[in-house]
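Accompanying notes for the structure given below.
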Amino acid sequence: MVLLLAILVAETGLDLLPPLITKHIIDDVLIPTANFPLLVWLVAGLFGLRVLAWGTAVGRRWVGAWVGFRAIEKMRADLYRALMYLPLRFYDKRKVGALISRMSNDSDLVEIYLIFDIPYIVSNGLMVVGILGVLGYMSWELTLWVLLPVPPIVVASTLIWNRMEAYWVRWSAKWSRLTSHLNESIRGIRVVKAFAQEQREGQRFDRRNIDLRDVSVSAERHWIVFWMVTNFFMSSGVFFVWYFGGRKVLGESLTPGALMAFITYVWMLYQPLKWFGDFYGFMMRAYAGAERIFEVMDARSEPFQDPAATPMPQLRGQVEFEDAFFGYDPGKPVLRGASLSVRPGEMIGLVGKSGAGKSTLIHLLCRFYDVTRGSLQIDGVDIRNIRLEDLRSQIGLVAQQSFLFDGTIAENIAYGKPGVKFDDVLRASYAANAHEFVIAKADGYDMQVGEQGNKLSGGEKQRIAIARAILHDPRILILDEATSSLDTPTEAKIQQAIARLVEGRTTFAIAHRLSTLRSADRLVVLDAGRIVEVGTHEELMAQQGFFYKLVKTQQESSAMTVSKELES
């Protein structure tokens, strides 16, 4: 930064000298008498100044780009890490496309501002100060005429600031909506095509695109009118200089060369002032973008670095919910006084209708959210007091829709333990019944799975996810509909893999087909956020209560489906 400032000061000084040399050419060479040697020296001096000015300009751009790109690199890194450490509540209220817009569009606006605009602000600011200093030294009376339009322009600029800021905030919001729609429609392109809704999505995009256009046009119209009027009044100062300066030349109190130098400086003064006007709109956009970026960076992150947290590098897996209440929205509880004690190594099946609170229990266990009342303890310690890294590193999750990253099969299996030996990846793959289909691929474990694993089938992705969980070796395992929507042979292989995975771990399993939870040590039945029944499969069937009715309803539904298939 010091080097950049020094270059900017040198560049400003070099740009201020040519009009003074021009003054001497007129007053000392052209008017009194021909002085060819002096003319040669003065012209050579002008050429030398131009070469030096060119060199400093190159240096300023080089150093400015280095400083600016370093700053934007750090800002992007800080923004990305802020996104990674924010709690899920933050993401619940925002669309993915809108957040991507902050990383792309908003950071691009700030990048342009840092790399190009800030050096020009300093350079033009120094130029304005330097020119005013020279003008005041040459003739303070003429300088006052030059500055006469400035006060009303400053007042007008202050008044328009808030309006323009509101326009550019709206522009950022409209751009965010457009990006969000683009992201959503591309991610859901299969659904769009399956329902032949290309035209409808195009119309939705057009509406958002037109909204963005309208707010952009409104902002530019207001700014153009303001700037054209102020630019006219600002440049009117040169007419006063010609008139009053011309009178001074006629009265021989000012030389023609000095007047020409003065007018040259006036036009030089208008260039940075004009640039400040043009720059104002870009600055407002960058300001709005920076505001949205810092909204993310200033948001409260998860307490990963809490020094008061209890280190628990080795969990046993004892879990206890005690009168736990929770709601995603205040005043709308999803869990209502849930109490459950789970022994280390026990397998718990979570059963209930959709919306009963099964997934919410899992979210609380992963500490994606915190209970609003009551408590959740692991190994006798309140989960809110456990060091978050220790907790998450010892919880494994296999979901219904397994997410794979765009990398190789081996990299996805080793995701939870980067740097692990390939032999360990192989053992996990064998245990997950994945090795057979992996080696059948052309590139084996080096196969690129594609975005979200789209080059693999659902069953293959599921077995990769199970291998990832096995290698991760968690103390607490969560199976969230891990075998749903799979054909019977694939489900059988995955059930075998899961049987190996759950050994010796505290396991919470959610399954749509209740028959798949027969191996659970206990079933926990939830209804409307409350635990209504707890017991083994046989005990709950013998009670003929809520779970019994769920099983019978599912059996009847399956029988009807089979009957219709046979009839067809």
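If you read the sequence from its start, that first residue is 1, and numbering goes on from there. Nothing here was measured: the structure is a model prediction, and the numbers come from that model. Computation of the quantities below employed the complete heavy-atom set of this structure, encompassing side-chain atoms and omitting hydrogens, waters and symmetry-equivalent molecules.
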Using atom types as modelled and distance alone, determine if a side-chain donor or acceptor of [X] lies under 3.5 Å from a backbone N or O of [Y].
{"X": "K461", "Y": "L404", "result": "no"}
{"X": "T507", "Y": "R505", "result": "yes"}
{"X": "T310", "Y": "I386", "result": "no"}
{"X": "N385", "Y": "A309", "result": "no"}
{"X": "R336", "Y": "A528", "result": "yes"}
{"X": "S393", "Y": "E389", "result": "yes"}
{"X": "D379", "Y": "R316", "result": "yes"}
{"X": "E346", "Y": "R343", "result": "yes"}
{"X": "T536", "Y": "R522", "result": "no"}
{"X": "T372", "Y": "F325", "result": "yes"}

Is the shortest distance from a Lys or Arg side-chain nitrogen in [X] or [Y] to a carboxylate oxygen in the other one below 4.0 Å?
{"X": "D424", "Y": "R427", "value": "yes"}
{"X": "D443", "Y": "K441", "value": "no"}
{"X": "K174", "Y": "D214", "value": "no"}
{"X": "E460", "Y": "R463", "value": "no"}
{"X": "K74", "Y": "D78", "value": "yes"}

Applying salt bridge (Lys or Arg N to Asp or Glu O under 4.0 Å) to E302 and not counting sequence neighbours gives R392
Check the pair E201, E198 against side-chain contact (heavy atoms from CB on, under 4.5 Å), reporting the backbone distance first and the verdict last.
CA-CA 5 Å; E201 291 300 322; E198 291 90 346; 6.0 Å; no
Identify the heavy atoms of [X] and [Y] that sit nearest to each other, and give their distance.
{"X": "L86", "Y": "A299", "result": "CD2-CB, 3.6 Å"}
{"X": "R300", "Y": "P87", "result": "O-CD, 3.3 Å"}
{"X": "I531", "Y": "S339", "result": "CD1-O, 3.4 Å"}
{"X": "D390", "Y": "P313", "result": "OD2-N, 3.8 Å"}
{"X": "A324", "Y": "L335", "result": "O-CB, 3.9 Å"}
{"X": "A414", "Y": "V425", "result": "CB-CG2, 4.1 Å"}

As an exercise, state the distance from [atom1] of [X] to [atom2] of [Y], rounded to the nearest 0.5 Å.
{"X": "Q197", "Y": "Q203", "atom1": "CD", "atom2": "CD", "result": "9.5 Å"}
{"X": "F437", "Y": "S429", "atom1": "CZ", "atom2": "OG", "result": "7.0 Å"}
{"X": "L364", "Y": "I383", "atom1": "CG", "atom2": "CD1", "result": "8.0 Å"}
{"X": "I409", "Y": "L456", "atom1": "CD1", "atom2": "CG", "result": "5.5 Å"}
{"X": "L83", "Y": "Y91", "atom1": "CG", "atom2": "OH", "result": "4.5 Å"}
{"X": "K417", "Y": "D473", "atom1": "NZ", "atom2": "CG", "result": "5.5 Å"}

Can you confirm whether [X] sits close enough to [Y] that some side-chain heavy atom of one is under 4.5 Å from a side-chain heavy atom of the other?
{"X": "N412", "Y": "R468", "result": "yes"}
{"X": "L479", "Y": "F508", "result": "no"}
{"X": "V551", "Y": "M541", "result": "yes"}
{"X": "V420", "Y": "L471", "result": "yes"}
{"X": "K549", "Y": "Q544", "result": "no"}
{"X": "L376", "Y": "V319", "result": "yes"}
{"X": "L361", "Y": "F321", "result": "yes"}
{"X": "I378", "Y": "Q318", "result": "no"}

Greater than 12 external heavy atoms within 6.0 Å of [X]'s [atom1]:
{"X": "F546", "atom1": "CZ", "answer": "yes"}
{"X": "Y430", "atom1": "OH", "answer": "no"}
{"X": "Y80", "atom1": "OH", "answer": "no"}
{"X": "R200", "atom1": "CZ", "answer": "no"}
{"X": "Q543", "atom1": "CD", "answer": "yes"}
{"X": "E322", "atom1": "CD", "answer": "no"}
{"X": "E436", "atom1": "CD", "answer": "no"}
{"X": "Q314", "atom1": "CD", "answer": "no"}

Apply side-chain contact (heavy atoms from CB on, under 4.5 Å) to the pair I348 and T506, showing each step before the final yes or no.
CA-CA 8 Å; I348 299 295; T506 304; over 6 Å; no
Exactly one candidate in V532, D527, V351, V524 meets side-chain contact (heavy atoms from CB on, under 4.5 Å) with F547; the answer is V351
Show your working on side chain to side chain donor-acceptor pair (under 3.5 Å) between T360 and Y328 and close with a plain yes or no.
CA-CA 9 Å; T360 299; Y328 297 99; 3.0 Å; yes
For R475, the side chain to side chain contact (heavy atoms under 4.5 Å, CB included) test, sequence neighbours excluded, returns L315, Q394
side-chain contact (heavy atoms from CB on, under 4.5 Å) assessment of I362 paired with D480 = CA-CA 9 Å; I362 298 307; D480 188 359; 5.6 Å; no
*asked:* Show, in sequence, the C-alpha distance, side-chain angles and deciding distance for K421 and D423, and conclude whether the salt bridge (Lys or Arg N to Asp or Glu O under 4.0 Å) test is met.
replied: CA-CA 5 Å; K421 294 180 180 178; D423 288 345; over 6 Å; no
### Query
Between H363 and F326, is the ring centre distance below 6.0 Å?
no
So ring-ring contact (aromatic ring centres under 6.0 Å, His included) across residues 438-477, not counting sequence neighbours, yields F422-Y445, H435-Y445
